[in-house]
Number of protein chains: 2
Amino acid sequence: MDVLKSAAPSNFCDTCTVRNRAICSDLTRDELNALNGIGRQRKLRAGEQLIWEGDEAVLVANVIDGLLKLSSQTSDGREQILGIAYPSDFLGRPFGGSTPYGVEALTEAQVCVFERRDFDRFAREHPRLEHKLLERTLSELDRTRKWMLLLGRMNAEQKIASFLLQVADRAGDSDTGEEDRVTFDLQLSRQQIADVLGLTIETVSRQMTRMKSQGLIDLPSRRTVTILDRYALEDRAE
Amino acid sequence: MDVLKSAAPSNFCDTCTVRNRAICSDLTRDELNALNGIGRQRKLRAGEQLIWEGDEAVLVANVIDGLLKLSSQTSDGREQILGIAYPSDFLGRPFGGSTPYGVEALTEAQVCVFERRDFDRFAREHPRLEHKLLERTLSELDRTRKWMLLLGRMNAEQKIASFLLQVADRAGDSDTGEEDRVTFDLQLSRQQIADVLGLTIETVSRQMTRMKSQGLIDLPSRRTVTILDRYALEDRAE
DNA sequence: CGAAACTTTGAGAGGGTTCAAGATGAGTGG
DNA sequence: CCACTCATCTTGAACCCTCTCAAAGTTTCG
């Protein structure tokens, strides 16, 4: 029995929950084993930093579980969140250069980490992996550009409404019922929401309170939102 | 003579000025011929639209010469420029999906256009091309994220200063002399600068006039800027 | 139960927008 | 070459949204 087991060596990819969604999804069994050989899993506590802004990029990673933020700071310490990484998302900057933003866990998180040099070499030898990474990067670029319109041209109300709708869609699977009455967890503090939207914490708070008093949303707890009138909310978002 | 000529068929890549910088740069002679077969050159007048926002992505392109803008609009018609494409940059959205932004020539421009389906197939068969495209997309994503910090967290003065420094660096080769006295052409109208920075035309105008009166810059003509005190300008940028 | 962190609420100030008018410059045809 | 026109840019004044500063309220967690 033991002999049989060792003939098929254990591999943490086997139990990976994002195995079919992350960039590894097109790899063969052998390729997966090779990749497994250069990576390691790592657990992060909420608030723990994985990559520092401006560091030479020494590692890249796949998100397995949890939420992480990519962020950058002005010289006077104000922060802008550049993106939120969800399970199956790819983190870091392969192929040279430094990472121009920091990566920090927002919740407890599980990531699959690679030394960048190892990953770079592996990627160059496996075009299917590079292709997956390319598709992912193109989508991320689209999403980021869409966010620029929000940052550059929307007022506070539009920003909050867009944000709530986006989080609702992304966390969508959770609650349901009628189409326009969804409850979901924000996962972010008011300060973090402000840092995503380029606002202050007070403005975020006021806008959300206002939307609640207008019956667009409900706020059952600090980090929970119920959308009561999705249609009206979409109206405010544009 | 004619026989010899036809043995080495002419190929517009041969005379391409961005041949060694664009994503085609790693291709062999044969590959280049194949790519040449599916592409065509196209000339655009200033203001001409190459891709419309929200269109299903039917074509992609390399910029050979000129400047183009990627931009998106709010429902009430206000515009946000998401990026400027320079010669050797790649345009469009390969591998499915629609292009969530419009592409329009800012100056007279020359592009090398491909049907997206043709390009997709070619790319998948040529990993070196995909690799180039991946590196380029990763760089573009970095640049775009850097811009988010500007849009979300900087005031008008910081935005203008950052913008002028960035244009100066990108157009850098032109004039010179001392290190901190560069003259360059903006290529953009005040309105377009406003659309890049998420400001109004009036704010852009006021800030630039103010910087001129403070001796940071000079404005020899409407679209020309001279940086008189680069150090001070860098100070304003942060 | 008490302290610390986070959120809400209020009042006031300021930066950027809006609306409006005037100035400048480029292109056109007489 | 000069007037004329149109688009672009500058300047001014008033307003408003968001920020700032401050304090009170709420939740969380030891």
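Predicted model, so just to flag it, every value in this text is computed and none were measured. Below, read A as the first sequence line, B as the second, and so on, with proteins coming before strands; counting in each chain starts at 1.
- Per the geometry, CD1 belonging to B:I201 stands 14 Å off C1' belonging to C:dA20, to the nearest Å.
- Listed for the A:T203 side chain is no donor-acceptor partner under 3.5 Å among the backbone atoms of A:L199.
- A straight line from CG of B:L197 to P of C:dG15 spans 18 Å, rounded to a whole angstrom.
- With rounding to whole Å, B:R153 atom CZ is found 16 Å from C:dG15 atom C1'.
- When the C1' atom of C:dT8 is taken as reference, atom CG of A:L199 falls 16 Å away, rounded to whole Å.
- On a pure distance criterion of 3.5 Å, no polar donor-acceptor pair joins the side chain of A:R210 and the base of D:dT18.
- Across the protein-nucleic acid pair, B:R190 atom CZ and C:dG25 atom P stand 12 Å apart, rounded to whole Å.
- Both A:T203 and B:T203 sit near DNA chain C, but only A:T203 has its closest nucleotide nearer the 5' end.
- Taking the six-membered ring for Trp and the full ring otherwise, B:F119 and B:F90 have centroids separated by under 6.0 Å.
- Between A:R222 and A:R206, it is A:R222 whose nearest contact on DNA chain C lies nearer the 5' terminus.
- With D:dT20, D:dT18, C:dT18 as the choices, the nucleotide that has an atom nearest any side-chain atom of A:T200 turns out to be D:dT20.
- For a distance-only test at 3.5 Å, the side chain of B:E202 qualifies as a donor-acceptor partner of the base of C:dC19.
- Side chains of B:E238 and B:Q158: a donor-acceptor N/O pair is absent below 3.5 angstrom, by distance only.
- To the nearest angstrom, P of D:dC16 lies 15 Å from CG of A:N155.
- For A:E56 and A:S98, the side-chain atoms include no donor-acceptor pair closer than 3.5 Å.
- Atom-to-atom, CD of A:Q191 to P of C:dT7 comes out at 9 Å; the value is rounded to the nearest Å.
- In this structure, the CG atom of A:D76 is 14 Å from the P atom of D:dC19, given to the nearest Å.
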